[in-house]
Amino acid sequence: RLMALILATRLLLAFLGIFFIKSPWEIFKEFHSYEIWFAVKLSVITSFIATVITIILAIPTAYYLARSKSSFGNFLKIFLDLPMAFPELLTGFLLLLFFGYILQLKNIPFSIYSVIIAQFFVSFPFALKVLYTAFISIDEKYEHISMSLGYSPTETFFKVILPLAKKGIIVAISIAF
């Protein structure tokens, strides 16, 4: 408790320190500057695109991992969890090396595409974990019953499994964004 109180006090003092450096009017003007709004718009747009890509790829991957009993599925689960073990700075550095040095793509490393790729690589493992948990909690009996009633595997996935995993999908979207 003492540690939490110290941390909260330190964060509060850091936030209040902003008002001692500049007047409230200057801070208000800074928030309305072109650069700030450009950065906010860029962040929202790239986060939205990265979130869409993350969810589109994480849903089928998590479903496969939840239903897979193969050793490849276990290997893939471990491999896809690796980015969570690395600090974001190291992940960014490795992506910069990969795209700039190894692939020799000169226009990718310092573009909007690199921001989207970096956001994807950071958010994908977290969204995958949430979706994996959502799919693993759905009993496979629902799939078998659905198929015995005449649904195809695709119809079962879209009409039975996804609605049952709706809360997990919403959480994954919020984590990925």
Side-chain angles (χ1 to χ4, degrees), residues 38-177:
F38 177 78
V40 168
K41 282 194 291 190
L42 180 68
S43 296
V44 169
I45 290 168
T46 56
S47 293
F48 177 77
I49 294 169
T51 300
V52 169
I53 294 168
T54 298
I55 296 304
I56 286 172
L57 294 176
I59 287 175
T61 307
Y63 181 73
Y64 170 76
L65 292 175
R67 297 297 182 246
S68 174
K69 293 168 181 51
S70 69
S71 58
F72 177 72
N74 291 333
F75 169 76
L76 193 60
K77 215 180 304 180
I78 293 167
F79 180 75
L80 293 174
D81 283 345
L82 280 178
M84 290 191 334
F86 299 134
E88 286 81 10
L89 183 64
L90 178 62
T91 304
F93 179 70
L94 291 174
L95 286 170
L96 182 64
L97 280 177
F98 179 72
F99 287 109
Y101 182 71
I102 295 172
L103 293 182
Q104 308 256 332
L105 299 173
K106 302 295 183 208
N107 57 349
I108 292 285
F110 301 103
S111 68
I112 291 176
Y113 303 115
S114 64
V115 175
I116 294 169
I117 292 168
Q119 288 174 338
F120 169 78
F121 269 91
V122 170
S123 66
F124 184 77
F126 294 101
L128 185 68
K129 270 285 196 225
V130 170
L131 290 168
Y132 173 78
T133 305
F135 288 132
I136 204 86
S137 67
I138 298 170
D139 196 350
E140 290 184 46
K141 290 178 187 174
Y142 292 119
E143 294 176 63
H144 298 302
I145 292 169
S146 170
M147 287 189 234
S148 72
L149 292 172
Y151 276 10
S152 69
T154 305
E155 287 176 317
T156 298
F157 181 74
F158 285 106
K159 293 182 180 179
V160 176
I161 301 301
L162 283 183
L164 289 173
K166 180 175 63 172
K167 289 180 183 177
I169 293 170
I170 292 169
V171 171
I173 289 169
S174 66
I175 286 175
F177 190 77

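The analysis underlying the following values was restricted to heavy atoms, covering all of them including side chains, and did not include hydrogens, waters or symmetry mates.
Taking the six-membered ring where the residue is Trp, F120 and F124 present tilted rings, their angle falling between 30° and 60°.
Under the salt bridge (charged side-chain N to carboxylate O under 4.0 Å, His left out) criterion, E155 pairs with no residue, sequence neighbours left out. In this structure, the salt bridge (charged side-chain N to carboxylate O under 4.0 Å, His left out) partners of K129, at least two apart in sequence or on a different chain, are D81.
You'll find the side chain of L162 reaches within 4.5 Å of the side chain of I59, heavy atoms only. Between I112 and I45 the shortest side-chain heavy-atom distance does not fall below 4.5 Å. Taking the side chain as every heavy atom from C-beta outward, L94 and F121 never approach each other to under 4.5 Å. By the 4.5 Å heavy-atom criterion applied to side chains, H144 and D139 are not counted as neighbours.
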Where do L128 and L65 land on the side-chain contact (heavy atoms from CB on, under 4.5 Å) test, with the steps shown first?
CA-CA 9 Å; L128 185 68; L65 292 175; 4.1 Å; yes
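The two atoms that bring I55 and A127 nearest to each other are CD1-CB, 4.4 Å, heavy atoms only. When all heavy atoms are compared, the tightest approach of R67 to I138 is NH2-O, 3.0 Å.
When the shell of 6.0 Å around CG of L82 is examined, it contains more than 12 heavy atoms from other residues, nucleotides or ligands. The environment of CZ in F157 is crowded: more than 12 heavy-atom neighbours from other residues, nucleotides or ligands sit within 6.0 Å.
Of the N and O atoms on the side chains of S152 and T154, not one donor lies less than 3.5 Å from an acceptor on the other residue.
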